[in-house]
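Bear in mind the structure is a predicted one, so any value in this text is a computation, not a measurement. What you see below is based on every heavy atom in this structure, not just the backbone, and it leaves out hydrogens, waters and symmetry mates.
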Amino acid sequence: MLGQLELVLPLMALGYLSGTWLGANTVCHLAGRGDPRLAGSGNPGFSNVLRLHGTRLALATLLIDTLKGMPVLGLAMLLGLPPWGQGLVGLGVLLGHSYPVWYRFRGGKAVASAFGVMLLLTPGVALCCAALWCLLAWRVRTAAVASLASATLAPLVAIWLAPAYVPVVIGFTLLVLGRHALNFQRLGRGDEPGL
């Protein structure tokens, strides 16, 4: 286990660094738009970019945030790290997205990044959660509700489809739910912005 930990820690650090690449900031900068953290909900993620600038920039944001952790996770898998080790590398990606050092630790909610990480580690779980997210976002028209419900579903689906990764998925879920604390408050007040 000590030998595996020596591999996990540098890969987790690489995961963190890859996670700090905020797709929303890059996409909005290249499109000549302002920092998405200074407008709308203030979140540098898919839904805020969608509300501010439309589908094209939002999908580009989603693509970057989904794919950015895959190279380091692929390396972790190639090196044969056990599920807990792969999970820590994935957690590094999510922490980088949520708390990027380059942006004074003001990052996103980690939903798209968690989807990308789980798409590689637990593809069945990721696809089930994405289907629920799309359905709820379409019916309820609120990204926070879709994100909270799909994050909560993830550990239950993991029990069925990826039992070895259940602790990992629970860790991802807790981070995503924690990052949505303000959304819980806005939902309670009835002023959560719609899609």
Side-chain angles (χ1 to χ4, degrees), residues 12 15-16 18-25 36-37 40-51 58 61-70 72-73 83-84 86-100 103 105-137 140-162 165-188 192-195:
M12 190 176 179
Y16 174 86
S18 68
T20 62
W21 178 19
L22 300 181
N25 286 24
R37 294 170 307 144
S41 69
N43 181 52
F46 167 81
S47 6
N48 195 35
V49 174
L50 179 64
R51 284 188 293 265
T61 298
L62 179 64
L63 187 65
I64 291 171
D65 287 344
T66 299
L67 298 179
K68 65 186 177 184
M70 288 188 176
V72 68
L73 276 166
W84 66 265
Q86 296 171 24
L88 285 176
V89 175
L91 183 62
V93 175
L94 303 190
L95 290 172
H97 181 85
S98 299
Y99 306 102
Y103 298 106
F105 302 102
R106 283 190 57 210
K109 305 278 176 60
V111 175
S113 298
F115 170 68
V117 167
M118 291 201 309
L119 194 58
L120 210 57
L121 300 184
T122 58
V125 177
L127 294 173
C128 286
C129 292
L132 178 64
W133 192 97
C134 291
L135 177 66
L136 286 175
V140 183
R141 308 293 298 166
T142 306
V145 170
S147 298
L148 292 167
S150 57
T152 304
L153 177 71
L156 302 175
V157 178
I159 291 170
W160 174 42
L161 295 178
Y165 288 89
V166 169
V168 168
V169 174
I170 289 172
F172 296 165
T173 295
L174 291 175
L175 176 63
V176 170
L177 293 178
R179 293 294 293 156
H180 279 80
L182 288 175
N183 299 90
F184 282 117
Q185 294 172 20
R186 287 197 296 254
L187 285 166
E192 176 68 20
L195 280 173

Residues Val49 and Ala24: closest non-hydrogen pair is CG2-CB, 3.6 Å
Taking every heavy atom of Ala137 against every heavy atom of Ala146, the minimum-distance pair comes out as N-CB, 3.8 Å
Determine, step by step, whether Phe46 and Asp65 satisfy the side chain to side chain contact (heavy atoms under 4.5 Å, CB included) criterion, reporting the C-alpha distance in whole Å, the side-chain angles of both residues, the deciding distance to 0.1 Å, and the verdict.
CA-CA 9 Å; Phe46 167 81; Asp65 287 344; over 6 Å; no
Under the 3.5 angstrom rule, does the side chain of Lys109 hit a backbone N or O of Gly45 as a donor-acceptor pair?
no
Exercise answer: donor-acceptor pairs, residues 114-123 side-chain atoms, under 3.5 Å, sequence neighbours excluded:
residue: Thr122; atom: OG1; partner: Met118; partner atom: O; Å: 3.3

Look at the side chain of Tyr165 and the backbone N and O of Gly87, then say whether any donor-acceptor pair between them is shorter than 3.5 Å.
no
Can you tell me if Ser18 uses its side chain to pair, donor with acceptor, with the backbone of Gly15 under 3.5 Å?
yes
How close do Arg106 and Arg37 get, heavy atom to heavy atom, and via which atoms?
NH2-O, 3.2 Å
Can you name the closest pair of heavy atoms from Val125 and Leu161 and give their distance?
N-CD1, 4.0 Å
Taking every heavy atom of Cys128 against every heavy atom of Leu153, the minimum-distance pair comes out as O-CD2, 4.5 Å
Spacing of CG belonging to Leu94 relative to OH belonging to Tyr99, to within rounding of 0.5 Å:
11.0 Å
CZ on Phe105 to CG on Leu95, rounded to 0.5 Å:
11.0 Å
Under the side-chain hydrogen bond (donor to acceptor under 3.5 Å, both in side chains) test, which residues partner Asn43, sequence neighbours left out?
none
When you measure from the side chain of Arg179 to the backbone N and O of Ala110, does any donor-acceptor pair fall under 3.5 Å?
no
Inter-residue atom distance Thr20.OG1 - Lys68.NZ, 0.5 Å rounding
7.5 Å
Between CG on residue Leu22 and OH on residue Tyr103, distance to nearest 0.5 Å
5.5 Å
Closest contact, heavy atoms only, Ser147 versus Trp133:
OG-NE1, 3.0 Å
Taking distance alone, no hydrogens or angles, what donor-acceptor pairs closer than 3.5 Å link side-chain atoms of residues 169-178 to residues at least two apart or in another chain?
residue: Thr173; atom: OG1; partner: Ala151; partner atom: O; Å: 3.0
residue: Thr173; atom: OG1; partner: Val169; partner atom: O; Å: 3.0

